[in-house]
Novice: 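Take this structure, written in structure tokens, and hold onto it; I'll ask about it next.
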Amino acid sequence: MTCTNNKPMKIEDVYAVLFGGESWHVSDEDLKRVEECYLFLKDFAVDKVIYGINTGFGPMAQWRVEDTHLRELQYNIIRSHSTGAGEPLDDVYVRAAMMARMGSFLQAKSAIHPDAVLLLQAFINSGIYPFIPRHGSVGASGDLVQLAHMALCLIGEGQVRFRGEWRPTADVMAECRLRPLTIHLREGLSITNGTSVMTGIGIVNQFYAEKLLRWETLASVWINEIAASYDDFMSEPLNAVRRHEGQQLIAAQMRRLSQDSQRLLKRENTLYRPEQAQQTVFSHKVQPYYSLRCIPQILGPVQETLARAHQVLEEELNSASDNPIIDPETRNVYHGGNFHGDYISFEQDKVKIALTRLAMTAERQLNYLCHDRINGILPPFLNLGTLGLNYGLQACQFTATSTTAECQTLAMPNYVHSIPNNNDNQDIVSMGTNSAELCAHVIENCFQVLSVLFLALSQAVDCLHIANDLAQSTRHAYEAVRRITPPVTNDRPLYDTLAQITAFLKQN
């Protein structure tokens, strides 16, 4: 797969590399532009003071570095900032971060040598994953510490994961016939300075967040089928008069998913018939609970939040996010703060809040299924065994409820938790990578909550013997769960079953 600057990278391009087994190839056109930017700065920097070229970094920028130490300066920022702590990031996040760094370099505003781009491409395509610890970034000069760990491996030092094993970088590079990056001009600062780790994690989050929304939309159709709800809550006329695009999109999706269902009721066929007007008590609910009926209104804002996050991530993927910015077109070097991670941090907080709301909705739907006095049609806790002797999905609900509660705690915005540091040079910071990591935690929790809900939905179908009346979309989901596990009649451990359903939801 090759994208050029005339055809910016799409998040879907990154998905294809991360999840689809695609390779990534830099076009000759982009490589030429990268080289032209490098050559411009090499000429421009003569007899000028330029931050990070011949000055120290951060508060140390007030000190001029002698010409004899300029290459050493670039190695020093890599080695001195390789100070992260905690467990290493998962391979998928590291690869996404490398893709995001590639996107920044291909803007040809970093004056990095083409060798760095080609080596980064080789790491991506060869499955070489630098050791990048989870902790270390405040998200202000970008992901300085974590990107320093990436740079450390590019210069042949540190450790990488290769074919499932941690090994010295130099050994893996020799095995793959790759040469460590040589510093030419400002490669140390260019690689370490930017928002690529938070952006990479955010892109992976986006992939799974959009999947969660699709699954919860389907689950919401499914539970309304179980309840035999009236279908007008998802109707076009009702949702069109609430002028929010997300609500209208979710309602339209629910109509498509349910179009061949035999379980949903038409209000005009029952309550709008004259004979019904004579009744004083209705055995079937005139309107279902909010967690069933208000799905377009609840998931609509989630849809819009994810759409905005998708846009911001794609814009960041195609942005030069380091400092200074080298611009051959205007023949100038601009000092600023494109490395500041507020855009990503703010969006990741919004995504985790939206997904926490999704988990809360799923948990309430689960409660409806488990609570016989609320649903009025199912045994307590969907128990297909002997009441009192067997327990059905009673304990599964504990798992979903506790996991949802953790999401509610994690949903506290991280974006507002700036702590000044770096001798107050970084006096307001984004904490963007922390925001992205917390969002990833919420996403994992959401899949676990949905795994319980999908098990319960399938159990409810078996309780009512309605599999043949479901819409094709929900019938397929029911059959997928049943391929994983049979109905729960006699009590048995379900932790492995829930893990398998979680894996199914993440992979499909």
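Only heavy atoms go into these numbers, but all of them, side chains included; no hydrogens, no water, no symmetry mates. Just so you know, residue 1 is the first one in the sequence shown, and it goes up from there.
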Novice: With side-chain contact (heavy atoms from CB on, under 4.5 Å) as the test, would you mind laying out the steps for Leu89 and Ile201 before giving the verdict?
Specialist: CA-CA 9 Å; Leu89 291 175; Ile201 297 172; 4.2 Å; yes
Novice: Do Glu66 and His69 have side-chain atoms, one donor and one acceptor, less than 3.5 Å apart?
Specialist: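 Their side chains do not contain a donor-acceptor pair, so the 3.5 Å distance test is not met.
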Novice: Give a yes or no on whether a salt bridge exists between Glu29 and Arg33, defined as a side-chain N under 4.0 angstrom from a carboxylate O.
Specialist: no
Novice: Would you say Glu245 has more than 12 foreign heavy atoms packed within less than 6.0 Å of its CD?
Specialist: no
Novice: Can you name the closest pair of heavy atoms from Ala362 and Glu216 and give their distance?
Specialist: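 Shortest heavy-atom separation between Ala362 and Glu216 comes out as CB-OE1, 3.7 Å.
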Novice: So how far is it from Met150 CE to Arg101 CZ, rounded to the nearest 0.5 Å?
Specialist: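 Separation between the atoms: 8.0 Å.
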Novice: Check Thr192 against Ala151 and note the closest heavy-atom contact, atom names and distance.
Specialist: CG2-CB, 4.1 Å
Novice: Does either side chain, that of Thr401 or that of Glu363, offer a donor lying less than 3.5 Å from an acceptor on the other one?
Specialist: yes
Novice: Using a 4.5 Å cut-off on heavy atoms from C-beta on, say whether the side chain of Met198 contacts that of Ser345.
Specialist: no
Novice: Answer yes or no: is there a donor N or O on one side and an acceptor on the other, between the side chain of Glu157 and the main chain of Leu152, under 3.5 Å?
Specialist: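 No; judged by distance alone, with no hydrogens or angles, the pair does not exist.
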Novice: To the nearest 0.5 Å, what is the distance between CD1 on Ile191 and CG on Leu181?
Specialist: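 Going from the CD1 atom of Ile191 to the CG atom of Leu181 covers 5.0 Å.
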Novice: Considering non-hydrogen atoms only, spot the tightest contact between Cys439 and Val351 and give its length.
Specialist: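 Shortest heavy-atom separation between Cys439 and Val351 comes out as SG-CG1, 3.5 Å.
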Novice: If you compare all heavy atoms of Phe162 against all heavy atoms of Gly127, which two are closest, and at what distance to 0.1 Å?
Specialist: CD1-O, 3.6 Å
Novice: Check whether the side chains of Ser190 and Ser110 place a donor and an acceptor atom closer than 3.5 Å, and report yes or no.
Specialist: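 The criterion, which ignores hydrogens and geometry beyond distance, is not satisfied for Ser110 and Ser190.
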Novice: Do we get Lys350 above Phe346's six-membered ring, with its NZ or CZ under 6.0 Å from the centre and within 45° of the axis?
Specialist: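 Yes, a cation-pi geometry holds between Lys350 and Phe346.
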Novice: Are side-chain heavy atoms of Ser196 and Leu147 found at a separation under 4.5 Å?
Specialist: yes
Novice: Measure across Leu355 and Cys446 and return the closest heavy-atom pair with its distance rounded to 0.1 Å.
Specialist: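 Closest approach of Leu355 to Cys446, heavy atoms only: O-SG, 3.3 Å.
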Novice: How close do Ala219 and Phe454 get, heavy atom to heavy atom, and via which atoms?
Specialist: CB-CE1, 3.8 Å
Novice: Going from CG on Leu118 to NE2 on His113, what distance comes out if it is rounded to the nearest 0.5 angstrom?
Specialist: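 One finds 9.5 Å between CG of Leu118 and NE2 of His113.
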Novice: So, taking the atom named CG in Asp30 and the one named CG in Asp28, what distance separates them when rounded to the nearest 0.5 Å?
Specialist: 9.5 Å
Novice: Looking only at the side chains, is there a donor atom on one of Asp496 and Gln500 sitting less than 3.5 Å from an acceptor on the other?
Specialist: yes
Novice: Check whether any side-chain N or O of Gln159 sits under 3.5 Å from a backbone N or O of Phe131 as a donor-acceptor pair, and report yes or no.
Specialist: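 Flag not set: sc Gln159 to bb Phe131 has no pair under 3.5 Å.
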Novice: Run the salt-bridge test on Lys352 and Glu437 with the 4.0 Å N-O cut-off and return the result as yes or no.
Specialist: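 Here Lys352 does not pair with Glu437 in a salt bridge, since their nearest N and O are not under 4.0 Å apart.
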Novice: Using a strict threshold of under 4.0 Å (side-chain N to carboxylate O), is an ion pair present between Asp90 and Arg95?
Specialist: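 Looking at Asp90 together with Arg95, the answer is no, because their closest N to O distance does not fall below 4.0 Å.
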Novice: Rounded to the nearest 0.5 Å, what separation is found between the CE atom of Met99 and the CG atom of Leu120?
Specialist: 9.0 Å
Novice: Taking CD in Glu329 as the centre, count heavy atoms belonging to other residues, nucleotides or ligands within less than 6.0 Å. Is the count above 12?
Specialist: yes
Novice: With a 4.5 Å heavy-atom cut-off, do Val94 and Pro130 have their side chains touching?
Specialist: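 Yes; the side chains approach each other to less than 4.5 Å.
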Novice: Would you say that Ile295 contacts Thr217 through its side chain, given a criterion of any heavy-atom pair below 4.5 Å between the two side chains?
Specialist: no
Novice: Run the side-chain contact (heavy atoms from CB on, under 4.5 Å) check on Trp222 and Ser458 step by step: do they pass?
Specialist: CA-CA 9 Å; Trp222 193 352; Ser458 300; 3.5 Å; yes
Novice: Could you tell me the separation between the CD1 atom of Ile325 and the CZ atom of Phe339, rounded to the nearest 0.5 Å?
Specialist: 10.0 Å
